[in-house]
Amino acid sequence: MRTDFLRALASTSEYDDADRRISIIKHAVRNEVSAVDPVVEAHFTDYFNHSIAPDMVLRWPGEGRERFLFVRPTGDPGWLLNDLRLISDFHPLVFSLEDLSSTPEPNGFASARQSLEERASAGGTWITDSSGTEVIAGARTQSPVLGMLSQALVRGGRGVSDGQEVRSLTQATEAGFYAASSGSVPVTASAVQAIEEHLDAEQSGRLTRLLRTIWEAHGGDEARFPTTSSLGRLTPDDLSYILKITADGSADFWYRLGRSVSTELLAASQVEDPSPNLQALVSASLDRLQAKGTRLIHEPFRLDEHEDFPRWIISQRCLALRGLNWTAYVAARKSDELPSPSEPEAPDLRTLRARATVYNVRIKEVQLTQADRTVTYESKEGVEILGDRELSLIEADLSGPRIDKAAAVMADGGSIEINFRERTAVGPTSATFLLGPLMRSALPLLADFSKQELADLGRVLRGVVYQESLFPQWPDEVPED
Amino acid sequence: MTTSASEPRTGEDTHDLGSEGLQRAKVWLDLTTRVYESWTHRDRPNNELIKFWWPHGAKRSFSFDLGGKFRGGHLEKRTFLAEVKNYKNESDLPDHFRDFLAKCYVALDAKPDRCDTFLWISWSPFQARQWDQHATTASVRNAVTNARNRKRVLGVDKPEDAMAKLSDEMAAEVARRIWLITLSEQQEKLVITGDHYHKIAEIFSRETGL
């Protein structure tokens with residue numbers, strides 16, 4: 001980027017017209033900022049190098065925030081210090097066309113730079129140059145944490161950050177996040193200090209909360225975590241932000257984050273559909289996220305929705321798996337978190353037998369209904385009953401009964417109650433399940449899926465590469481509908 | 001105004017004083033709310049736009065202190081070049097003003113589109129008895145044909161040759177475009193208040209054009 005930037009600045013010499021030059025300069029600066037934060041929208045104003053009118057207004061889709069950007073041709077700390085008197089109340093981003101470290105005046109430079117650093121830091125102004133944006137733009141793709149850091153700098157950076165300063169910050173941050181996994185106090189503390197020195201409270205809080213979350217998720221002693229300005233755990237807003245901005249997150253990143261989030265936290269977050277990051281996070285967390293149950297609701301395919309099925313979504317304040325014409329909502333703790341059920345669809349015994357074989361779920365109890373008659377057939381030992389001759393006789397006696405309810409035993413031994421009238425599967429009393437096994441066991445019982453859908457469900461609910469051995473092998477051959 | 005090696009700076013103090021005055025003048029101009037853009041002689045790359053060559057100056061150049069563009073009303077999009085003198089009293093301002101006029105003459109001849117207005121900004125008046133004569137064709141004529149300037153502007157040594165070569169039309173145009181602005185510390189403070197310029201900055205930020 002820096003080469004392009006310097007080349008763009010040099011190219012202005014070809015033009016005699018000030019407006020043309022300013023346009024080139026602004027586009028070059030916008031490219032620098034976009035390289036650090038790809039989602040930022042930089043709107044040009046009619047002004048250039050003005051004492052109080054910004055050159056650009058930075059905005060972020062859906063965030064309702066904006067930040068002024070002032071272009072400054074000089075990197076002279078004394079001059080910039082004077083400038084701050086008028087603009088620091090805006091907590092702006094100041095982009096110096098000149099390298100901040102190459103001021104031509106040695107006299108008083110050190111003290112002026114120090115004063116500038118202090119003033120910018122105290123006033124929430126972030127002053128950088130193309131050497132700074134070059135370093136952070138290069139680092140941001142190396143890890144999601146550095147991606148978050150780079151976007152946090154554009155939104156809420158403060159202080160003076162030339163290339164050297166940014167390099168120190170990125171190294172401290174990256175090292176801190178690794179150290180948090182191993183419980184190293186000094187390195188984590190250095191990261192906290194660097195993050196809080198360079199970011200405002202909102203942005204630094206988000207990163208230090210994530211740092212704390214990873215620390216605790218890896219068994220770090222809560223009391224030994226370095227002191228931070230922002231207390232508390234990862235918030236739904238933090239998670240929404242992470243899911244929104246993270247690009248190219250490694251499997252390890254999502255795995256580590258997955259140790260730190262809950263189904264409730266996911267349900268409370270705001271996530272646009274489709275979200276590749278949500279897929280990555282849930283996929284990495286199928287063996288970690290807890291769920292009370294799931295409810296399948298008939299919801300027709302919408303013309304404006306994405307066509308990848310099934311996919312994880314956040315809808316009606318629930319984590320949910322979206323399929324073609326259906327959505328399986330997940331309750332984190334209580335079944336009343338689930339949206340109201342759609343029209344009832346109670347299967348007959350033959351259908352239930354077919355569904356149960358999909359994932360070899362053991363049915364230990366069924367409730368058959370015919371008109372106003374209801375019969376409950378149950379194994380006290382909890383063994384499979386669908387093949388019982390007696391059950392077939394009852395079915396014949398009742399002349400085609402429907403099954404309202406059933407109780408099943410999942411592969412890991414947990415018991416789950418199925419209410420077909422509500423297409424809902426929940427754990428009894430206070431029981432909760434791991435999300436992956438719950439969905440793999442319960443979903444095929446709640447509806448008839450095509451072979452392709454079952455194969456897709458198997459892929460998504462297997463968690464791809466994560467902890468694959470934790471789950472029994474999904475059968476390659478599935479029965480015909 | 002900066003110059004090439006022919007007019008070296010006289011020391012760091014002068015330089016610092018000049019820099020301070022330049023920044024104060026720029027801020028004051030911006031706070032009038034009538035400026036879109038401006039750049040100083042040290043602001044690359046646009047400082048090239050306020051740098052000029054003496055036509056007969058043996059490849060010597062000079063620069064104005066500030067250049068830019070006005071906004072609003074009859075000033076909309078009109079360009080300016082400015083000379084800033086942070087002097088407490090008259091001192092050698094008359095000499096500087098004379099050279100300023102000669103430089104304006106050169107600039108207008110070379111790049112008229114950058115020269116809609118020539119601003120002389122100082123913190124002290126000079127030769128106040130002739131104040132109304134400073135921005136006149138005669139004053140410009142005298143400045144250009146002065147012994148210090150006629151060689152580098154017109155390429156002649158003799159006064160009569162200079163008078164013959166001088167363009168009266170150009171001198172009149174320069175005079176017409178001169179603005180004499182004498183600031184004081186009090187006047188610098190007599191601008192919109194902080195809360196108002198915050199509001200104005202918000203308004204400015206909504207305007208887009210580039």
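We use all heavy atoms of the structure for the numbers below, so side chains are in, but hydrogens, waters and symmetry mates are not. These numbers were taken from a predicted model, which means no experiment stands behind them. Proteins come first, then strands; the chains are lettered A, B, ... in the order of their sequence lines, and each starts at number 1.
Between B/Asp30 and B/Lys26 there is a salt bridge, since a side-chain N of the basic residue sits under 4.0 Å from a carboxylate O of the acidic one.
Ring centers of B/Phe126 and B/Tyr87: at least 6.0 Å apart, outside the cut-off. Two rings, from B/Phe118 and B/Trp179, have their centers 6.0 Å or more apart. Under the 6.0 Å cut-off for aromatic ring centres, A/Phe95 and A/Trp126 do not qualify, their centroids lying 6.0 Å or more apart. The distance between the ring centers of B/Tyr36 and B/Phe70 does not fall below 6.0 angstrom.
Contact of A/Leu86 with chain B is made through backbone and side chain together, with heavy-atom distances under 4.5 Å. Proximity to chain A (any heavy atom under 4.5 Å) is shown, for B/Thr79, by neither the backbone nor the side chain. Of the two parts of A/Asp55, neither the backbone nor the side chain holds a non-hydrogen atom closer than 4.5 Å to a non-hydrogen atom of chain B.
Taking A/Ile52, A/Val57, A/Ile87 one by one and counting their heavy-atom pairs under 4.5 Å with chain B, the maximum is reached by A/Ile52.
When the heavy atoms of residues 156-168 of chain A are compared with those of chain B, none of the residues falls under 4.5 Å.
Inter-residue side-chain proximity for A/Asn49 and A/Ile22 is flagged as unmet; no heavy-atom pair is nearer than 4.5 Å.
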Verdict with supporting geometry, B/Arg42 and A/Asp76, salt bridge (charged side-chain N to carboxylate O under 4.0 Å, His left out): CA-CA 10 Å; B/Arg42 50 198 290 172; A/Asp76 181 326; 2.5 Å; yes

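Put simply, the side chain of A/Thr173 gets close to the backbone of A/Leu169: a donor and an acceptor are under 3.5 Å apart.
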